Amino acid sequence: MRCFVLALPVLAAATSVVAQAPKPGKDGKYTISSSGIKAQFIPYGATLTNLFVKDKNGEDVDVVLGYDDIDYYPKDPGHPVYNSIPGRYVNRIGKGKYTIDNTTYDTQINDGTNTLHSGTNNWSYRVWNVTEATKDSITFTVKDASNSSQGMLGLVHGQVTYSVSGSTWKIKMEATSPEARTPLMLTQHTYFNLDAFKNPDTNKIWNHTLYLPYSKRYLVADDGALPTGKIGTAAPNSINDFASRPGLFLGHARSDPKFSGNCGGGGACEGYNGYFLIDDAPKDAVVVSLGSEFSGITADLRTDQAGIVLYSCNWMDGTANLKSTQGTKTVKKVGRSSCVAIEAQDYVDGINQ
Ligand SMILES: *[C@@H]1O[C@H](CO)[C@@H](O)[C@H](O)[C@H]1NC(C)=O
Ligand SMILES: *[C@@H]1O[C@H](CO)[C@@H](O)[C@H](O)[C@H]1NC(C)=O
Ligand SMILES: *[C@@H]1O[C@H](CO)[C@@H](O)[C@H](O)[C@H]1NC(C)=O
Ligand SMILES: *[C@@H]1O[C@H](CO)[C@@H](O)[C@H](O)[C@H]1NC(C)=O
Ligand SMILES: *[C@@H]1O[C@H](CO)[C@@H](O)[C@H](O)[C@H]1NC(C)=O
C-alpha cells in the first residue's frame, strides 16, 4: 500500500520573500519533486495541475484533475476551481450578506441565493505571482485590492507555499489584512481520483474508501448547501458516517433513498457537498484517509483546520476533458461523481453563524 500525506496548516503572519524570478518549464508548469512525489503548478489560481505518486506497482499515477493545456484553465466555462486557492473567503456566504462592527456588507450572489468562493473576482481566477521556487518548494502571492471581491473591503496579501518531501505534500497558506476587518477564509481545493480514471470496473468515485476518524459531526445544510446552523451527528453506517470504522466506501450509502439528494440541488445532488467537523483530534493526527484498492494509493490528511468540505463531484457533467496522463481508451471525460474534493477549512458560512 502506497501512501502520501497532505498537510495543510493555515497561519496568519507576515513574511517577506526576496524575489528571484523563478522559471517554469516549456509547458508553462513549475515542477517540484521529492522521492515519492512530483507536483506541478501554474500561477493561474496558484493551481496544482499534476500530482504524481507511486501506485502499488511502483508506477507514477497522476491522482488529481486538471488540463494538459494550461491556457484552458481560464477558458473552462465550468471553472470548478480546479486545485486552486479560492479566496478571500471560500465556500458560501449566506444570502450574500455579512456584518462586521454593526455594518452589513453585500457580497456578490453567484450560487443560488448565496455567494460562492467570493464571487466573480475570486482568487482562483487570478494570475498569482511566483515569488520563490526551488526543486521542492514554490511560493505564490496575491495582492487583493479593497472591494475587488465585491463587498469585501480592505487590502489583503495572500500567500501559499507548496512543498514536497518524501511522500508528503505540504500546503502553507497565510493572509494578512492590514487595512480593515474583512472576511478571510482559505482552502486548497484539489479534486482527486486515486485511480487516475483507469479503473475498468468503475469510473465513479464510490469505490474509494474514506475514513474521517474525528468527524462524527457535520453541519446540517439546506438545499443550496448552506449550513442552517444545526450540527448533526452521524449514526454508525448512516449516510454521513465515515467515522465509525476505516474502510467504508464513499458510496457505502448508495442504496439509501436519501443518497440521490444528500447534497441538495432540489434533490438532484447525489452524494456529498458538505462540511464535517474535526473534533478533538490530537495534534498532527491523520484526520482524513482516502484510499483506493485498485491503485493501492492512500492519501492521508493532517491539518490545523476545524474541519473539511467533502464534495463528490455531482456537478461534473461529462464535458471536461481528462489529461493525457489519465483515463482509458473509452474514458476521456470527467463524468458525474467521478472525483472527490477534500477541502480543509473553517466552518462554512462561519461569518454568519
Ligand atoms: C454595535 O452596536 C452595539 C449596539 O448598538 C453597540 O453596543 C456597539 O458598541 C456597536 N459596536 C461597534 C463596533 O460599533
Ligand atoms: C470567479 O471569478 C470568475 C471571473 O470573474 C467568474 O467567471 C467565476 O464565475 C467566479 N467563480 C465563482 C465560483 O463565482
Ligand atoms: C504581482 O506583482 C506585481 C508587481 O509587484 C503587482 O503589480 C501585481 O499586482 C501582483 N499580482 C498579484 C496577482 O498580486
Ligand atoms: C464595492 O463594489 C461594488 C461594485 O462591484 C459597488 O457597488 C460598491 O459600492 C463598492 N463598495 C465600496 C465601499 O466601494
Ligand atoms: C464498490 O462499492 C460498493 C459499495 O458502494 C461495494 O458494494 C462493491 O463491492 C464495491 N466494488 C468493488 C469492486 O470494490
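One-based numbering along the sequence shown. Every value quoted in this text rests on a predicted model; they were computed, and no experiment measured them. Indexing begins at 1, ligand by ligand and atom by atom, following the structure's order.
Here the protein heavy atom with the shortest distance to atom 9 (O) of ligand 4 is N147 ND2, 4.8 Å. The nearest heavy-atom contact from the protein to atom 12 (C) of ligand 1 is N102 ND2, 3.4 Å.
Within a 4.0 Å radius of atom 2 (O) of ligand 4, the protein contributes one or more non-hydrogen atoms. Atom 14 (O) of ligand 1 is approached by the protein to below 4.0 angstrom, counting heavy atoms only. Not a single protein heavy atom sits closer than 4.0 Å to atom 5 (O) of ligand 1.
Side-chain contact check for N321 and D68: no donor-acceptor pair (N or O, by modelled atom type) lies under 3.5 Å.
Heavy-atom contacts of V142 reach the following atoms of ligand 3: 13 (C), 14 (O) (cutoff under 4.0 Å). Of all atoms in ligand 3, numbered sequentially from 1 with element shown, those under 4.0 Å from a heavy atom of K143 are 12 (C), 14 (O).
When each of Y89, Y44, W128 is paired with W123, the ring pair (Phe, Tyr, Trp, His ring centres under 6.0 Å) condition holds for W128 and for no other. Residue L310 is tested with N240, V288, L210 for a side chain to side chain contact (heavy atoms under 4.5 Å, CB included); the sole match is L210.
With V127, N129, D144 as candidates, the residue nearest to atom 8 (C) of ligand 3 on a non-hydrogen basis is N129.
Ionic pairing of D317 and R336 is not present here: no N-O contact between side-chain nitrogen and carboxylate oxygen is shorter than 4.0 angstrom.
Residue S337 holds its OG atom at 8.0 Å from CZ of R254, rounded to the nearest 0.5 Å.
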| said: If you apply the rule salt bridge (charged side-chain N to carboxylate O under 4.0 Å, His left out), what do you find for D279 with K216, and how did you get there? | reply: CA-CA 8 Å; D279 286 320; K216 278 196 194 75; over 6 Å; no
